[in-house]
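Written below as structure tokens is the structure these notes are about.
As the structure is a prediction and not an experimental result, all values here were calculated from the model.
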Amino acid sequence: VLVDKDLNTLSEAELLLLFYESKNKAALGILLNKYLPHIFAVCQFYLKNRAKAKDASSDIMEKMITYFNNNEVTSAKALIMISTKNHCLTLLKKEVRTKSIDEIVEQASQENDLDEAIQKNATLDQLHDCLELLKEDQKNNLKLFYIERKSYQEIARLTGQNINKIKSSLQNGKRMLRNLMLNKIE
């Protein structure tokens, strides 16, 4: 019955039903294309770069095709939008981790914020010096959690400490680090 209708006039639910009942790839293509402008807008919002947003949109479309082929979905819009947001956040995390010193200096000079970059670098040097004054477990846990972006569970696996000990160590380490930094500034 649904095959006789023009696919472009079908609702999300009808397109999903058609795709899952008859494996009509055109139905899936039309469904995904309906959300492509939304996907691109979310990518543009998070990534702040048109080319990166286009690449991310393509990646998300490929992931969604695979996901829809392997799983039965009842709410395409929610899945697509949440997946888009998560994909962008993952890209941003990777970008932060992989920035080199040269890229940071280039970005700072492009934005005419070299003085600010120098100030941040001095603050980072102070932070590094103060970090070395902390207890060994506090220093290691702070580095793992904030610099290497490890989760509590990953830190527990790496250090053999229980999660409550890690949380306490991070809280005490942050407090000590803050106090040390404030004393260095004054």
Can you find a heavy atom in the side chain of [X] that is under 4.5 Å from one in the side chain of [Y]?
| X | Y | answer |
| --- | --- | --- |
| Lys165 | Asp137 | yes |
| Met64 | Ile39 | no |
| Asn141 | Thr159 | yes |
| Ile166 | Leu144 | no |

Calculate, to the nearest 0.5 Å, the distance between atoms [atom1] and [atom2] belonging to [X] and [Y] respectively.
| X | Y | atom1 | atom2 | answer |
| --- | --- | --- | --- | --- |
| Leu177 | Leu182 | CG | CG | 10.0 Å |
| Asn183 | Cys130 | CG | SG | 8.5 Å |
| Glu136 | Ser169 | CD | OG | 10.5 Å |
| Asn162 | Lys167 | CG | NZ | 10.0 Å |
| Asn24 | Leu17 | CG | CG | 11.0 Å |
| Leu32 | Ser57 | CG | OG | 12.0 Å |

- Under 30°, 30 to 60°, or over 60°: which ring-plane class applies to Tyr20 and Phe68, parallel, tilted or perpendicular? parallel

Linking I/L/V/M/F/W/Y whenever their side-chain heavy atoms sit closer than 4.5 Å, directly or via other members, would [X] and [Y] fall into one cluster?
| X | Y | value |
| --- | --- | --- |
| Phe45 | Leu92 | yes |
| Leu47 | Phe40 | no |
| Leu170 | Met181 | yes |
| Ile163 | Leu142 | yes |
| Val73 | Ile82 | no |

- Keeping to residues at least two apart or across chains, list the side-chain hydrogen bond (donor to acceptor under 3.5 Å, both in side chains) pairs with something in residues 66-90.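 For residues 66-90, and leaving out neighbouring residues, the side-chain hydrogen bond (donor to acceptor under 3.5 Å, both in side chains) pairs sorted by first residue read Lys63-His87.
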
- Any pair counted as side-chain hydrogen bond (donor to acceptor under 3.5 Å, both in side chains), so long as it reaches residues 31-48, sequence neighbours left out: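 Found Glu12-Tyr35.
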
- Query: Knowing that exactly one of Leu134, Leu133, Asp129 qualifies, which makes a side chain to side chain contact (heavy atoms under 4.5 Å, CB included) with Leu131?
  - Reply: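 Passing option: Leu134.
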
- Query: Can you list the steps and then say if Leu158 with Lys150 is a side-chain contact (heavy atoms from CB on, under 4.5 Å)?
  - Reply: CA-CA 10 Å; Leu158 291 170; Lys150 302 285 185 192; 4.2 Å; yes

- Item | side-chain contact (heavy atoms from CB on, under 4.5 Å) between Asn164 and Ser168, worked out | CA-CA 6 Å; Asn164 288 334; Ser168 174; over 6 Å; no

- Item | Closest heavy-atom pair and its distance - Leu7, Ala27 | CD1-N, 4.2 Å

- Message: Suppose the criterion is ring-ring contact (aromatic ring centres under 6.0 Å, His included): which pairs have a residue in residues 139-161, not counting sequence neighbours?
- Response: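 Every ring-ring contact (aromatic ring centres under 6.0 Å, His included) pair that includes a residue of residues 139-161, provided the two are not neighbours, is Phe145-Tyr152.
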
